[in-house]
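First comes the structure, then the notes that go with it.
Just so we're on the same page: letters track the sequence lines, and every chain starts at 1. Please read these numbers as outputs of a predicted model, since none were measured by experiment.
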Number of protein chains: 2
Amino acid sequence: MSGDNGGEGATEATAGAAARLQKLFEGHRLTPTQRRIAHCMVRRAADAPFLSSVELAELAGVSQPSVTRFAVALGFDGYPALRRHLRDVAPERAAAAPDSLNEYQQAVQEEIGNLQELSAALADPAPIEEAARLFAASPVLPVLGLRAAMGQAAGFAYFASKVHPDVRLLDEGGSMLADRIDGAVRAGASVLLCFALPRHPREVIEALAYARSAGLTVVTVADSAFAPVARHTDLMLPAAVGTGLAFDTVCAPMLLGRVLLEAMCDALPDAQASLEAFDARAAARGLFAE
Amino acid sequence: MSGDNGGEGATEATAGAAARLQKLFEGHRLTPTQRRIAHCMVRRAADAPFLSSVELAELAGVSQPSVTRFAVALGFDGYPALRRHLRDVAPERAAAAPDSLNEYQQAVQEEIGNLQELSAALADPAPIEEAARLFAASPVLPVLGLRAAMGQAAGFAYFASKVHPDVRLLDEGGSMLADRIDGAVRAGASVLLCFALPRHPREVIEALAYARSAGLTVVTVADSAFAPVARHTDLMLPAAVGTGLAFDTVCAPMLLGRVLLEAMCDALPDAQASLEAFDARAAARGLFAE
DNA sequence: CTCTCGCTGAATGGACCCATGCAGCATCAA
DNA sequence: TTGATGCTGCATGGGTCCATTCAGCGAGAG
């Protein structure tokens, strides 16, 4: 318990350190290598005050002189001066009294709680792996997400299509939705993944009922095991949403989707090869920066 | 103010560190010189993990070899080992036995860290509110998000359109993208919101450059303040992504988007009325279950 | 008184750290 | 194509840090 508090405080302090680092870098023109160093320091903000220039250089994947030049570019006399500065500002342990958190920060804290809950649920990965096997075994993978859930379905579908041969995003309701479900079934689909988030459109419930009547196994990521879609779901994966802001925050469902992707990659024999092939093609096309 | 909190926190942490040091010394027969060193370390527990053997020797008024022998007497391999131990236990890592967490849970923990970072950054809501003012003041709000960022952009746009009169989702690249930006400008847009996540497509960078040349103020939510899009961004809002799984997890960017929505609602005078009107129409149509 | 033993600090050598000079390379303008 | 500019890594030298060795010192036993 004392350990928990200490841990939380440390994480908080780490986050604060990262924010201070960001501020420190602002207003300086940095070269690409220097940006790599900065990014690395933010990523390991807790260790930063202890690292030597060589250690930091190795972690960032750059040469040691680049680290020295980085410190000078930030206005310090040298790398030791930068590190000393970090040591001086580090002990600003944020007391983080709950009442001192503004509305936005409270919403973030609520989502952290939701993620803790998700983490606990993931202690048993069996349902995830079960779903992943279903996805991998299905030659066609329809992904349903309407309205508020459209973004999550789209994100899942984008990545899934990098490793799965035929991912079909169903993000529009109306009469065409049943047509698309039919199409997926004709193409061999055996399963359907549904993202169901509040507020639950009737269309989604009807679509799931239709999908099951068409013989599909329905896997649903929903905000609650008792969501209205539960009646039409074969495998329910709950992930709480945050309700502290005007619009629901959906960290846990998004993350659960990524976990499903990871498990599906493990279940698909060619996943790694597909990803590497994509990277190769992307590099050849100059698709991505850096 | 922050100084007070920080001071208290530091004192608290110092007390904890001092207690741990006392425990560390217990059960070891120490010579008078070594007791001086121990006493000095307790007295300056906060700095202890940073001091070199010579510095500590000077502070304690003993010779440098005595410090080395002191570390050995405590059972360490040498003074660096002792200092490393102090660094490791100082923040009392919330690691909570990482080996007990499976791969999925570790990814969740990483995202919790990212959210802590976001929470710290949100302590200063000025950039958020600045962005929200820009959005509210623009009669047309184009929201750009390609590929991996499409889902986030779509989610933002879905909710934003409930309170903003004209939200335009730009989720497809190609030559049409510039056309759509032109269209938004002609319709009166003064700002563009971009979700930029790894891997950063060149198209996004080019689109932002084009948008700025067309007179738009660019607000970007990106995984890092040093993302390639930073050059073409007027207001950068960083939110780290998780990289523990095969595909990036984007809790913090998603949440930051919702925070922007919240702030935009506060900046739009008719937001509350728009939401209530939507609820009324939705209820009348039986759009949602329950 | 003297011998012994343990503690302590000075000195030394190796290892590491950091800043500077130099050459290779990419980018951009002419 | 060519030259210039800026960025980056390699190599190097001075400086610091740390562990070891050795001599001096004080306390206690004989």
Side-chain angles (χ1 to χ4, degrees), chain A residues 24-25 27-41 44 47-88 283-284 286 288-290, chain B residues 24-25 27-41 44 47-88 200 202 205-206 209 213 224 226-232:
Chain A
L24 209 157
F25 302 146
H28 289 93
R29 282 192 64 88
L30 298 178
T31 69
T33 300
Q34 288 167 348
R35 273 192 293 272
R36 287 185 69 177
I37 300 171
H39 195 263
C40 177
M41 285 185 71
R44 326 233 349 198
D47 302 328
F50 299 98
L51 298 173
S52 71
S53 68
V54 271
E55 288 170 327
L56 179 56
E58 283 176 4
L59 286 173
V62 303
S63 68
Q64 175 267 325
S66 291
V67 175
T68 292
R69 285 190 277 258
F70 170 73
V72 175
L74 260 51
F76 296 96
D77 282 343
Y79 177 74
L82 187 157
R83 191 173 48 186
R84 177 169 301 271
H85 175 77
L86 293 180
R87 291 174 186 180
D88 290 343
F288 298 116
E290 283 182 332
Chain B
L24 207 149
F25 302 146
H28 290 93
R29 287 190 61 88
L30 297 180
T31 69
T33 302
Q34 289 169 345
R35 272 193 291 274
R36 287 186 67 179
I37 299 172
H39 194 263
C40 176
M41 284 184 72
R44 325 240 343 203
D47 303 329
F50 298 98
L51 298 173
S52 72
S53 68
V54 269
E55 288 169 326
L56 180 56
E58 284 176 3
L59 287 173
V62 302
S63 68
Q64 176 267 324
S66 292
V67 175
T68 292
R69 285 190 277 261
F70 171 73
V72 175
L74 259 52
F76 296 96
D77 282 342
Y79 177 73
L82 185 154
R83 190 170 51 185
R84 177 170 300 272
H85 175 78
L86 293 180
R87 294 176 186 180
D88 290 342
H200 296 280
R202 287 191 185 281
I205 300 166
E206 294 159 6
S213 74
S224 154
F226 312 103
V229 292
R231 291 179 43 115
H232 304 288

| note | Result for side chain to side chain contact (heavy atoms under 4.5 Å, CB included) between A:Val67 and one of A:Val54, A:Leu59, A:Leu56 points to A:Leu56

In chain order, what residues pass the side-chain hydrogen bond (donor to acceptor under 3.5 Å, both in side chains) check against [X], with sequence neighbours excluded?
{"X": "B:Thr33", "answer": "none"}
{"X": "B:Glu58", "answer": "none"}
{"X": "A:Ser53", "answer": "none"}

Distance (rounded to the nearest 0.5 Å) between [X] [atom1] and [Y] [atom2]:
{"X": "B:His200", "Y": "B:Ser224", "atom1": "NE2", "atom2": "OG", "value": "7.5 Å"}
{"X": "A:Leu74", "Y": "A:Arg69", "atom1": "CG", "atom2": "CZ", "value": "14.5 Å"}
{"X": "A:Ser52", "Y": "A:Arg83", "atom1": "OG", "atom2": "CZ", "value": "6.5 Å"}
{"X": "B:Met41", "Y": "B:Phe70", "atom1": "CE", "atom2": "CZ", "value": "5.5 Å"}
{"X": "A:Ile37", "Y": "A:Leu30", "atom1": "CD1", "atom2": "CG", "value": "9.0 Å"}

| query | With distance as the sole test, does A:Arg36 use its side chain to make a donor-acceptor pair with the main-chain N or O of A:Val62 at under 3.5 Å? | reply | no

Rounded to whole Å, how long is the line connecting atom [atom1] of [X] with atom [atom2] of [N]?
{"X": "A:Leu51", "N": "C:dC16", "atom1": "CG", "atom2": "C1'", "answer": "15 Å"}
{"X": "B:Gln34", "N": "C:dG6", "atom1": "CD", "atom2": "C1'", "answer": "12 Å"}
{"X": "A:Arg83", "N": "C:dC16", "atom1": "CZ", "atom2": "P", "answer": "16 Å"}
{"X": "A:Arg84", "N": "C:dC17", "atom1": "CZ", "atom2": "C1'", "answer": "15 Å"}
{"X": "B:Leu56", "N": "C:dG9", "atom1": "CG", "atom2": "P", "answer": "13 Å"}

| remark: Bounded by its outermost nucleotides with an atom under 4.0 Å from a heavy atom of chain A, the footprint on DNA chain D reads D:dC7 to D:dA11

| Pairing annotation in dot-bracket form, given for DNA chain C with Watson-Crick or G-U pairs under 3.5 Å and | for cross-strand partners | ||||||||||||||||||||||||||||||

| Is the shortest side-chain N/O distance from A:Ser52 to OP1 or OP2 of C:dC17 below 4.0 Å? | yes

Show me the protein contacts with nucleotides 19-24 of chain C, counting only N or O atoms at under 3.5 Å.
from	atom 1	to	atom 2	distance (Å)
C:dA19	OP1	A:Tyr79	N	3.1
C:dA19	OP2	A:Thr68	OG1	2.8
C:dA19	OP2	A:Tyr79	N	3.3
C:dA19	N7	A:Gln64	NE2	3.3
C:dA19	N6	A:Gln64	OE1	3.1

| task | Give the ring-plane orientation class for B:Phe50 versus A:Phe50, where under 30° counts as parallel, over 60° as perpendicular and anything between as tilted. | result | parallel

